[in-house]
Amino acid sequence: MSYFVANFAAQFAPVRVCFGAGVRRQASEEIARLGCRRALILSTPQQADAAMELAQEIGDATVGVYTRATMHTPVAVTEDAVAHAALVHADCLVAIGGGSTTGLGKAIALHTDLPQIVIPTTYAGSEATAILGQTEKGLKTTITDPKVQPEVILYDAELVRTLPAALTVTSALNAMAHASEGLYARDRNPLSTLLAVEGLRAFADALERVVAAPSDLHARGETLYGAWLCGTVLNQVGMALHHKLCHTLGGSFELPHAETHAVILPHALAYNNRAAAAELTPITEIFGGSNPGATLHAFARKLGAPMALRDLGFKEADIERAADLAISRPYCNPQPVTKEDIVTLLSAAWRGDPPAF
Ligand code: NAD
């Protein structure tokens with residue numbers, strides 16, 4: 001089946017992408033290729049060792065290592081990092097880590113326009129987008145700006161070998177959520193659909209192999225390939241109900257990012273399958289079954305993903321407020337969004353039941 005639609009616009013960012021086990025060792029060449037000589041390396045505190053190792057690898061072109069990247073990109077950390085980048089006269093950024101570290105690099109770039117090299121270690125996909133989410137005083141906001149789009153991505157399968165099994169699965173479901181909602185995005189185009197389908201296929205092929213053998217570099221590489229494709233879809237088209245719910249639960253109830261995506265995805269897809277069954281067909285073609293929500297619910301369970309919002313610390317008493325927040329600003333979604341339906345969806349997700357729709 002062709003993914004042609006009669007009217008569409010497509011835009012791709014000029015990003016250099018390199019794949020390969022050990023490709024992080026190419027960072028010095030990529031710094032030089034950008035015309036830069038003074039790199040500031042970024043990481044979370046948990047990945048400081050990986051950052052220090054990279055700094056040594058880069059050698060003289062390293063002018064600093066900043067290891068305070070934090071989930072949801074707090075503005076206070078960004079301000080401190082921007083000051084640090086100025087202090088060491090950095091002329092480029094090298095972020096090694098997941099979406100939190102990538103987010104810090106993007107936030108610094110927003111203020112300084114410094115070019116970014118990202119070396120992803122999860123499947124979140126932020127490295128492929130011009131989107132930045134940041135938090136200030138408990139409020140999470142999202143902006144899209146070409147300044148935050150990273151210039152170079154080095155996908156090194158060796159680095160995801162250390163991703164814990166639980167985060168491997170939830171992060172993969174986070175990536176698959178970008179592709180899944182891309183299938184029914186109002187502004188989708190034939191290429192975004194191709195990327196989404198191939199991204200989902202990559203995870204269908206490789207994720208179980210990675211869970212069975214976390215050091216399987218070929219399978220790890222294929223999951224990174226899926227992450228790149230799914231992240232590129234996120235950069236191309238608008239997201240809908242699933243992302244709105246996760247944004248609400250993460251931003252206002254402090255639920256963990258990847259785990260929340262993993263729990264909500266089957267429920268959101270079952271909800272939207274009523275209005276977008278044809279668009280979601282690739283999911284059942286790839287993963288089997290007849291309802292994409294039920295299919296991904298079974299897939300997630302088989303891989304040991306968290307299944308219930310209550311296990312992530314979300315309180316049943318907060319369901320009403322979350323539903324109010326999730327419907328407070330209208331957005332495009334295939335199936336009309338009502339508070340009653342969202343309460344039903346969240347209640348099933350809270351208990352860990354199969355999708356209610
Ligand atoms: P993360 O970056 O917060 O990583 C979670 C933890 O795992 C951290 O402690 C990290 O140091 C550690 N870790 C990461 N990779 C590891 C590895 N290979 N080995 C061992 N430990 C590792 O988690 P995430 O899910 O990648 O990112 C979540 C953040 O990214 C959220 O703030 C989310 O909003 C953002 N995000 C943004 C976009 C975008 O396009 N702007 C897209 C997706 C996610």
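What's counted below: heavy atoms across the whole structure, side chains too, no hydrogens, waters or symmetry copies. As the structure lists them, so they are numbered: ligands from 1, and atoms in each ligand from 1.
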Answer yes or no: does an N/O atom from Ala124 fall short of 3.5 Å to an N/O atom of ligand 1? no
Nearest protein heavy atom with distance in Å, relative to atom 40 (O) of ligand 1: Thr129 OG1, 2.7 Å
Ligand 1 to Thr44, heavy atom cutoff 4.0 Å, flagged ligand atoms 10 (C), 11 (O)
Backbone or side-chain N or O of Thr73 under 3.5 Å from ligand 1 N or O: no
How close does the nearest protein non-hydrogen atom get to atom 1 (P) of ligand 1, and which residue and atom is it? Ser100 OG, 3.4 Å
Distance from atom 19 (N) of ligand 1 to nearest protein heavy atom, with residue and atom: Thr162 OG1, 2.7 Å
Are any of the heavy atoms in Lys140 under 4.0 Å away from ligand 1? yes
Do the two ring centres, one from His243 and one from His261, sit under 6.0 Å apart? yes
How far does CD of Gln134 sit from CD1 of Ile143, to the nearest 0.5 angstrom? 5.5 Å
Can you sort out which atoms of ligand 1 are near Leu234, meaning under 4.0 Å from one of its heavy atoms? 40 (O), 42 (C)
Measure the spacing between CD of Glu127 and OG1 of Thr232 and express it to the nearest 0.5 Å. 8.0 Å
Need the ligand 1 atom indices (1-based, order shown) with element for anything under 4.0 Å from a heavy-atom of Gly99. 2 (O), 24 (P), 26 (O), 27 (O), 29 (C), 30 (O)
Inter- and intrachain pairs under ring pair (Phe, Tyr, Trp, His ring centres under 6.0 Å), touching residues 8-57, at least two apart: Phe19-Tyr155, Phe19-Trp228
Numbering as shown, the atoms of ligand 1 that approach Lys106 to under 4.0 Å (heavy-atom distance): 39 (C), 40 (O), 41 (N)
How far is atom 25 (O) of ligand 1 from its nearest protein heavy atom, and which residue and atom is that? His257 CD2, 3.9 Å
Can you check whether Gly125 has an N/O within less than 3.5 Å of an N/O in ligand 1? no
Shared-cluster residues of Val152, by chain and number - hydrophobic side chains joined below 4.5 Å: Val23, Ile31, Leu34, Ile41, Met52, Leu54, Ile58, Val65, Val94, Ile96, Ile117, Ile119, Leu154, Leu159
How far is atom 26 (O) of ligand 1 from the closest protein heavy atom, and which atom is that? Thr122 OG1, 2.6 Å
For a quick test of reading the model, state the closest non-hydrogen atom pair linking Glu316 to Trp350 and the distance between them. N-NE1, 3.4 Å
So if I count the atoms of ligand 1 from 1 in the order they appear, which ones are less than 4.0 Å from some heavy atom of Gly98? 2 (O), 26 (O)
Measuring from atom CD1 of Ile342 to atom CG of Asp324, what distance do you get when rounded to the nearest 0.5 angstrom? 11.0 Å
Could you tell me, atom by atom, which parts of ligand 1 come under 4.0 Å of a heavy atom of Ile131? 39 (C), 40 (O), 41 (N)
Are Arg220 and Thr168 packed together at the side-chain level, in the sense that at least one heavy-atom pair is separated by less than 4.5 angstrom? yes
To the nearest 0.1 Å, how far is atom 38 (C) of ligand 1 from its closest protein heavy atom, and which atom is that? Ser126 CB, 3.4 Å
Taking heavy atoms and a distance under 4.0 Å, where does Leu167 meet ligand 1: side chain, backbone, both or neither? side chain
Between Gln47 and ligand 1, is there a nitrogen or oxygen pair with a distance under 3.5 Å? yes
